[in-house]
Amino acid sequence: MPGWLEVLTVAVFGLCVGSFLNVCAYRLPLQQSIVHPRSRCTTCGRTLSWFDNLPVISWAAQSGRCRTCKQPISWMYPAVEIVTAAIFVVTYLTYGPTLLTVVRLVFACALIVLFVTDLQHKILPNVITLPGIVIGFICSAFLPPGWMSSLIGLVIGGGFLLAIAEAYYRLRGQEGLGMGDVKLLAMIGAFLGWKLVLLTLVFASFTGSLAGGLLIASGRGGMKYQLPFGTFLAVGAVLAATWGDPIADWYFGFYQ
Ligand SMILES: [Zn+2]
């Protein structure tokens, strides 16, 4: 078991990375640079100083408002930072100080950004998914799940959704799934292999149905309200990457 200081360091590092992922999720859909200029208040445009930029702490200290214009700052920012830190800690506790942890954290960062951009803009930027497919495949060549499982995962992940998208389009005459979802699931397959990409689909459908049911029950979304599927694929992939291996072993062992 790693000591508490080690875990705390990973958590703080996760908070800081989460802060950067917020910048990426905000700027990528607007096609802005993620390194320049420095962070600004999205309402009044004032450049933020270092003490406005402390993950979670600045937001809490300012009661979720900009110090200058007093406009509210979305709770999504600290939420993304906390979730990133939590995923970093759980991944570290699961895989320890290994190269696989590093790869899984890079993968998780991509998923967090895609979760936010799909939720807020219904966009899954190609600048993340396409390099993600390549990086996932290369890393899997010398780490679990191995190149063969990765390649099959990539092809069935992307191919499965492509077939559904095509069928839906022919039946309904409108697009139900975007190509962004197809590329995202191909990326997930490349990183996690074929077993876990199937489990991702199960988790995504389950959390998607749950969220859809809750929305309808709360009267906030009708049957026609379209939930961004990529958001749930990202959630499903994080779950599968963290807890998927024992479940997949049990499930596929069961049917052999
Ligand atoms: Zn402001």
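When a ligand or atom number is given, it counts from 1 through the structure's own listing order. Being a predicted model, the structure only gives us computed values, none of them experimental. In this chain, numbering begins with 1 at the start of the sequence shown.
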Under the side-chain contact (heavy atoms from CB on, under 4.5 Å) test, residues paired with Ile152 that sit two or more places apart: Met148, Ile156, Trp194
Thr91 and Thr94: side chain donor to acceptor below 3.5 Å: no
Under 3.5 Å side-chain donor-acceptor pair for Tyr26 and Gln32: no
Test ring pair (Phe, Tyr, Trp, His ring centres under 6.0 Å) applied to Phe115 - qualifying residues, sequence neighbours left out: none
Contact list for residues 131-144, test side chain to side chain donor-acceptor pair (under 3.5 Å), sequence neighbours left out: none
Between Ser19 and Asn22, a side-chain donor and acceptor under 3.5 Å: no
Contacts of the Zn ion (ligand 1) with protein N/O/S atoms, counting only those under 2.8 Å: Cys41 SG, Cys44 SG, Cys66 SG, Cys69 SG
